Amino acid sequence: MKISVIIPFSHYPHYLKECLESLKTSAFQDFETLLVVDKEHDCIDDVIKEYSFVRVIESQVHGCAACRNVGMQYAMGEYIYFLDADDYVLENTLGLLAVHAHGEDIVYGAISNTWNNKANYLEKIANQEIDPDDLEEKQRLHEEKVDAYRLKNPDESEHRLQSVYYLLRVKKGIRSITALGILFKTTFIRQNGFTFDENYRYYSDMTFLCPVLDRLTSQVRVEDAIYVKRKHNDPINYPALSQEESDDRFEERCKAVETTRSLIDENGIVRYYLDFKLIHFFTRSMSKRLRRSQDERWRNEYFTMIIPYIEKCRPDVLDELSRNNAKMVRALLNHDLKGVQKQVRWVLGKKKFKKMLKNKNTAYKLAYFHRYLKQPVKENVILFETFMAKNYSDSPKYIYEYIAQNHPEYECVWAINDGAKIPYGAKTVKRFSFQYAYYLAVSKYLVFNVRPPLWYRKREEQVFLETWHGTPLKRLVFDQEEVTSASPKYKQQFYRQRKDWDFLVSANPFSTKTFRSCFLYEGEMLEYGYPRNDILYWPNKDEIAQQLKEKLGIPKDKKTILYAPTWRDDQHYGSGQYKFELALDLKLMKERLQDDYVVLLRTHHYISDHIDVSGLGDFVINLSSYDDISEIYLISDICITDYSSVFFDYANLKRPILFYTYDFDKYKNQLRGFYIDMNTEVPGPLLYTSEQVVQAIEDIDEITEEYKERYDQFYDRFCCYDDGHASEHVAEAMLAKK
Ligand code: C2G
């Protein structure tokens, strides 16, 4: 048998499934799979029953290093390959490595990092959103560096040098040394007695790989054999080892270096780069904390702790440091903490200054931190923002109007990017301006329907009202397994930001329950309905509708169909800018429906594509940039959506709703997943083609009748709090908090 794949397992079966599936679907199959289960582990019975090729071995000891050592004892393959239970390989990975393995000590491929499962990873590769580990650039830098070393050590073989440089991840700076992605010849490992040091939880790979590289006599590199290392997008509930917060990590790093030194040649290249990495850990990563960390230990205990380990670094590594780094290390070796901090201040200050020159428009942030946060909070000021200041709408609008009419003692400020005038004379500021930063810092109350900027720091005296912006159909944040859009650190950031919320608005009991789980929110919930839906209950709503219809030039004899789809996580240009291809055949709709209807087209605010409606004449009115969709609901006789939360609000009107779900399976299984069963719980039919949509509109009376019972149940479940007074209740609850 060619390969023994060794997988240590302790937690998170859902990752393990993906890992084993990747082995099952590998094109190359001449391997055994040894799943070594930690002494403390989650139950995996359900997972492994699907993978009969897996040999499960129970480890009597605890820890990843121990599991790998146990696996090595059982290995029967010519080569050993370590695969972590939360990672996976691609279809060709093992085959490519095996084909090049002709008795060399090691055969290694590349590591590609991702936050995604395999399907989404492959899709990103296909869309060229991932460059597998930046291979070309790495090769170039790798050669330059190794050349410099070789000049001084002419006896070393070029290939060996390059492999050591690559596998110790020298170019990757302080990144941990890893035994992943490599075939190790079993006899080479056994004859030399290489093992993972079980005393180390985080850095045992170093104690295995460095001695291997130190004794290496033959090696092959196979660039395209990719090992996919998966970062956990939810470090709160499922932290990877590298994401674990631990008091011991620092000391372990130092001690593992010391242990490793004792296992390798003092004059060899492995030792050279090991010392190089330790020094760079100090100058690049640790030094920042010496200056800034709130945690005393970095400026005290850890500072003293690292000195003896740096003292033992080889002099030739110290000789090659840049001037600034050399100064920093000299100060450290003199036990001069102030000297190191001064040097760090100088280096970071220079960097910051350069960044500022490059990016002058972020100076407001400096003002925020250094000036505005020091000013007193203004008790009577309220800052409002909707959809990142894109418009004047949603619940903040209605809460504001209530306060403006009933509490003139408050000064209201709106963040609005286009500078539009706001009724009742609120002051407006542009997002990401000095004034915006000022009001973020000094407003007593903040009313937002999405999250504030990441750099916002809530002050103790401030009251933050999060209205959110829809009853959840699509799975959100911590209930979302994959994060295919947004920042990969989305969950971590959300976790921090949601702690700032004093109140969260909920439109129905279902939202209350779901928000608790998806946001891990434990604060006060305001269960009064959605302020943005108040208008749907106002006594003058028909008048408002009439006026708007006239303003938009909608003929009196025509009914209206609102088409309001949501955005797709995987179709984007950049952060917050999404593509949208219209799948609804408006030409067909025009042909069949123009005598009775006009279509009101409304894309989500994330969509940056302008939808071309030319050739459709008066049949389509594009209302994508109209501020407030609640007003549009009032003038719509039928609503078509897909997975947008608009239908929860629109249902308040009890008018017909159709779902044009042309990409249902992908949206449900790959992109998001849903909280409710769309097939049985939503108040209208799921339609998959434009023809079906047109047909449904032609048969709208029958459909209304058919869905009546389900609609009533839906209304009772989701519209039960809305009564036209949510703004009042929410505003009063907020203002009561001093
Ligand atoms: N919206 C709109 N026009 C659309 C789609 C949405 O004006 N074509 C508005 C509606 O008020 C809707 C809100 O934006 O309720 C949120 O839009 P969703 O499509 O539901 O998507 P998203 O912004 O991802 O929010 O709990 C709700 C979720 O957070 C979803």
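Both counts, for ligands and for their atoms, begin at 1 and track the order of listing. Excluded from the calculations below are hydrogen atoms, water molecules and symmetry mates; all remaining heavy atoms, backbone and side chain alike, are included. The model shown is predicted, which means the values in this text are computed figures rather than measured ones.
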Please list every donor-acceptor pair under 3.5 Å in which a side-chain atom of residues 581-591 meets a protein atom from a residue at least two apart or in another chain.
residue : atom : partner : partner atom : Å
D585    : OD1  : K587    : N            : 3.2
D585    : OD1  : L588    : N            : 3.0

Please output the side-chain donor-acceptor pairs of residues 632-643 that fall under 3.5 Å, not counting sequence neighbours, one pair per line with the distance.
residue : atom : partner : partner atom : Å
S636    : OG   : I632    : O            : 2.7
D637    : OD2  : T560    : N            : 2.8
D637    : OD2  : T560    : OG1          : 3.2
T641    : OG1  : A564    : O            : 2.7
D642    : OD1  : T566    : N            : 2.9
D642    : OD1  : S644    : N            : 3.4
D642    : OD2  : T566    : N            : 3.4
D642    : OD2  : R568    : NH1          : 3.2
D642    : OD2  : R568    : NH2          : 2.9
Y643    : OH   : D663    : OD1          : 2.7
Y643    : OH   : F664    : N            : 3.2

Please tabulate, one pair per line, all N/O donor-acceptor pairs under 3.5 Å involving side-chain atoms of residues 417-426, not counting sequence neighbours.
residue : atom : partner : partner atom : Å
N417    : OD1  : R431    : N            : 3.2
N417    : ND2  : M388    : O            : 3.4
D418    : OD1  : A420    : N            : 2.9
Y424    : OH   : Q405    : NE2          : 2.5

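For the pair K654 and Y711, the cation-pi criterion (under 6.0 Å, within 45° of the ring axis) is not fulfilled. Geometric assessment of R710 against the ring of Y707 yields a negative cation-pi assignment under the 6.0 Å and 45° thresholds.
Residues Q480 and R475 bring no donor and acceptor atom of their side chains to less than 3.5 Å of each other.
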For ligand 1, output the ligand-protein N/O contacts shorter than 3.5 angstrom; if there are none, return none.
residue  : atom   : partner : partner atom : Å
ligand 1 : 3 (N)  : R602    : NE           : 3.3
ligand 1 : 7 (O)  : R602    : NE           : 3.1
ligand 1 : 7 (O)  : R602    : NH2          : 2.9
ligand 1 : 8 (N)  : P565    : O            : 2.9
ligand 1 : 8 (N)  : R602    : O            : 2.8
ligand 1 : 8 (N)  : H604    : N            : 3.3
ligand 1 : 11 (O) : R532    : NH1          : 3.0
ligand 1 : 15 (O) : H469    : O            : 3.3
ligand 1 : 15 (O) : R532    : NH1          : 3.4
ligand 1 : 15 (O) : R532    : NH2          : 3.0
ligand 1 : 15 (O) : S645    : OG           : 2.7
ligand 1 : 17 (O) : H604    : NE2          : 3.3
ligand 1 : 19 (O) : T566    : OG1          : 2.7
ligand 1 : 19 (O) : S644    : OG           : 2.7
ligand 1 : 20 (O) : S645    : N            : 2.8
ligand 1 : 20 (O) : S645    : OG           : 2.6
ligand 1 : 21 (O) : K474    : NZ           : 3.0
ligand 1 : 21 (O) : T566    : OG1          : 3.4
ligand 1 : 21 (O) : H604    : NE2          : 3.4
ligand 1 : 23 (O) : H604    : NE2          : 2.8
ligand 1 : 24 (O) : K474    : NZ           : 2.8
ligand 1 : 24 (O) : W567    : NE1          : 2.9
ligand 1 : 25 (O) : H469    : NE2          : 3.3
ligand 1 : 26 (O) : W468    : NE1          : 3.0
ligand 1 : 26 (O) : G470    : O            : 2.7
ligand 1 : 29 (O) : W468    : NE1          : 3.1
ligand 1 : 29 (O) : H469    : NE2          : 3.2

